**Q** 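If you scroll down you'll find the structure; I have some questions about it.
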Number of protein chains: 2
Amino acid sequence: MRNDTSSVSTLNWEQYSHLVEEVSVPARTVLLREGDVATNAYFVKKGCLRVWFNNDGKDVTFQFFFEDQGVSSIESFRSGKPSLFSIESIEPSTLWVISKINLDVLIREIPGYQELMQDHILQRMNHYARLFMSHIKHNPEERYLELMAESPHIIRRVPQHYVASYLGITPVSLSRIRNKLMRQKK
Amino acid sequence: MRNDTSSVSTLNWEQYSHLVEEVSVPARTVLLREGDVATNAYFVKKGCLRVWFNNDGKDVTFQFFFEDQGVSSIESFRSGKPSLFSIESIEPSTLWVISKINLDVLIREIPGYQELMQDHILQRMNHYARLFMSHIKHNPEERYLELMAESPHIIRRVPQHYVASYLGITPVSLSRIRNKLMRQKK
DNA sequence: GGGGCACGATAACAATTGTTAACAAATAAC
DNA sequence: GTTATTTGTTAACAATTGTTATCGTGCCCC
């Protein structure tokens with residue numbers, strides 16, 4: 001399996017308005033369905049998204065996107081093969097949508113795109129490496145505390161059962177961990 | 001924390017013998033100690049290495065390297081800052097060692113080094129992403145079975161307690177999982 | 001070949017997590 | 001406003017994992 005969701009570096013999208021379309025969607029709207037071929041890339045203007053795949057009938061959420069982040073299935077986008085995951089809105093969201101064809105134009109228009117992309121991939125590599133290392137060195141409670149410290153916006157805006165999935169535990173277990181931490185705090 | 005061990009793509013090291021030195025080390029030899037600044041990069045000719053860091057007095061092993069793979073702390077190497085992890089031999093090993101200065105020369109001599117590096121980083125990103133996703137979708141037993149299927153050489157050559165650490169569980173638990181799988185097989 | 005060390009299996013017990021189900025509370029849909 | 005749906009909490013029980021300790025084996029070193 002190849003995983004490669006990708007947040008395109010911050011750009012001033014307004015100036016490329018001839019190539020991108022602004023779209024508003026309600027909460028829980030699927031933008032790309034697992035198994036379909038990606039034809040668009042998205043950039044979050046307002047709201048948030050999650051990326052997930054089906055594992056024996058259960059959602060596994062492995063990434064969240066918020067304002068000023070871009071997301072697409074690069075692999076499906078480039079290869080034309082079915083995407084291995086779905087992209088879905090969590091909150092009602094406003095997005096810039098760009099088609100594959102227009103993105104190719106855009107790439108030629110942006111100076112230093114290669115370098116942007118290189119930096120971006122290096123950043124993502126470090127992100128995943130840290131996630132992996134967090135899992136082998138911390139237990140679920142510690143991972144939750146780490147997430148609270150490093151990404152409080154995720155805790156604040158993402159429904160708890162998606163956070164549980166992201167932490168690799170069940171919603172019930174996360175609820176218990178929160179309960180335990182609350183009791184300790186008092 | 002920044003994580004960036006890196007296996008340089010396969011190269012014919014013999015032809016660069018004026019820049020690299022061949023060194024043999026016994027098992028359990030530390031090549032780079034956590035906290036020290038990296039001055040060398042290594043390439044495994046024979047044997048295997050592990051990369052680990054100290055977490056509250058306990059080893060956490062998060063990567064293994066075998067024949068024809070290169071390893072260094074790129075970050076420490078580039079920035080001159082202390083390395084966040086140690087590199088240590090598991091088996092008696094023969095390595096090609098290259099100094100920072102000579103690597104810079106080498107980089108200029110290798111045609112298409114940038115592209116090699118780009119590919120390499122993309123590969124590593126996918127590797128870490130898969131490791132992370134494996135952790136949130138599988139339990140320890142499933143992860144062990146996956147490791148057996150995808151990296152049997154790790155199971156074969158790496159001491160079990162390092163494998164346990166890599167899987168994010170205790171040696172005792174891994175021993176139980178193996179015992180359970182053996183009993184099921186009969 | 002004796003002594004230490006690394007490695008792995010197992011036992012006993014505590015702690016955590018998964019599973020299933022029932023029940024609130026909040027939100028969305030009509 | 002009433003009805004569904006989604007989300008979160010809690011309980012009860014099973015299963016798994018962590019912790020600590022003991023034991024045995026194999027290996028290296030002197």
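Hydrogens, waters and symmetry mates play no part in the numbers below; they use all other heavy atoms, side chains included. From a predicted model like this one, the values you see are computed outputs, not experimental measurements. Chain A is the first sequence line, chain B the second, and so forth, proteins listed ahead of strands; every chain is numbered from 1.
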**Q** Is any NZ, NE, NH1 or NH2 atom of the basic residue among A/Glu22 and A/Lys46 found under 4.0 Å from an Asp or Glu carboxylate oxygen of the other?
**A**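 Looking at A/Glu22 and A/Lys46, the cut-off is not met.
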
**Q** According to a strict under-4.0 Å criterion, is B/Gln160 in side-chain N/O contact with OP1 or OP2 of C/dA6?
**A**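 The answer is no; no side-chain N or O of B/Gln160 sits under 4.0 Å from OP1 or OP2.
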
**Q** OP1 or OP2 of C/dT10 versus the side-chain N and O atoms of B/Arg178: is any pair under 4.0 Å?
**A**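 No.
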
**Q** Taking atom types as modelled, is there a side-chain donor on A/Trp96 or A/Glu21 under 3.5 Å from an acceptor on the other?
**A**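 Absent: no donor and acceptor within the cut-off.
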
**Q** Which comes earlier along DNA chain C counting from the 5' end, the contact point of B/Arg28 or that of A/Pro92, where each point is its nearest nucleotide?
**A**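 Nearer the 5' end of the strand: B/Arg28.
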
**Q** Measure the spacing between NZ of A/Lys137 and CG of B/Asn54 and express it to the nearest 0.5 Å.
**A**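 With rounding to 0.5 Å, NZ (A/Lys137) is 10.0 Å from CG (B/Asn54).
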
**Q** By nearest nucleotide on DNA chain D, pick out whichever of B/Val172 and A/Asn179 is the more 5' one.
**A**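 Closer to the 5' end of DNA chain D: A/Asn179.
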
**Q** Check B/Glu141 with B/Arg178, please: is the shortest side-chain N to carboxylate O separation under 4.0 Å?
**A**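 Not counted as a salt bridge, because no side-chain N and carboxylate O are separated by less than 4.0 Å.
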
**Q** Expressed in angstrom and rounded to an integer, what is the separation of B/Ile169 atom CD1 from C/dG8 atom C1'?
**A**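 B/Ile169 atom CD1 is separated from C/dG8 atom C1' by 14 Å.
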
**Q** Rounded to the nearest Å, what distance is computed from the NE2 atom of residue B/His161 to the P atom of nucleotide C/dA6?
**A**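 It is 9 Å, rounded to the nearest whole Å.
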
**Q** By the 4.0 Å heavy-atom rule, please label B/Arg176 as base, sugar-phosphate, or nothing.
**A**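 The answer is base, as B/Arg176 lies within the cut-off (heavy atoms under 4.0 Å) of a base atom.
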
**Q** Flag the pair B/Arg50 and B/Asp59 as a salt bridge only when some basic side-chain nitrogen lies within less than 4.0 angstrom of an acidic carboxylate oxygen.
**A**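 Yes, charged N to carboxylate O under 4.0 Å.
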
**Q** Just call it for A/Ser173: base, sugar-phosphate, or nothing, with non-hydrogen atoms closer than 4.0 Å on any strand.
**A**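 Contact class for A/Ser173: sugar-phosphate only.
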
**Q** With heavy atoms of chain B within less than 4.0 Å as the criterion, where does contact along DNA chain D begin and end?
**A**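 The contacted stretch runs from D/dT16 to D/dT20.
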
**Q** For A/Tyr42, what residues pass the ring-ring contact (aromatic ring centres under 6.0 Å, His included) criterion, not counting sequence neighbours?
**A**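 Scan of A/Tyr42 (ring-ring contact (aromatic ring centres under 6.0 Å, His included), adjacent residues dropped) gives none.
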
**Q** Base, sugar-phosphate, or nothing for B/Pro171, non-hydrogen atoms under 4.0 angstrom?
**A**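 No contact at all - B/Pro171 keeps every heavy atom at 4.0 Å or more from the nucleic acid.
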
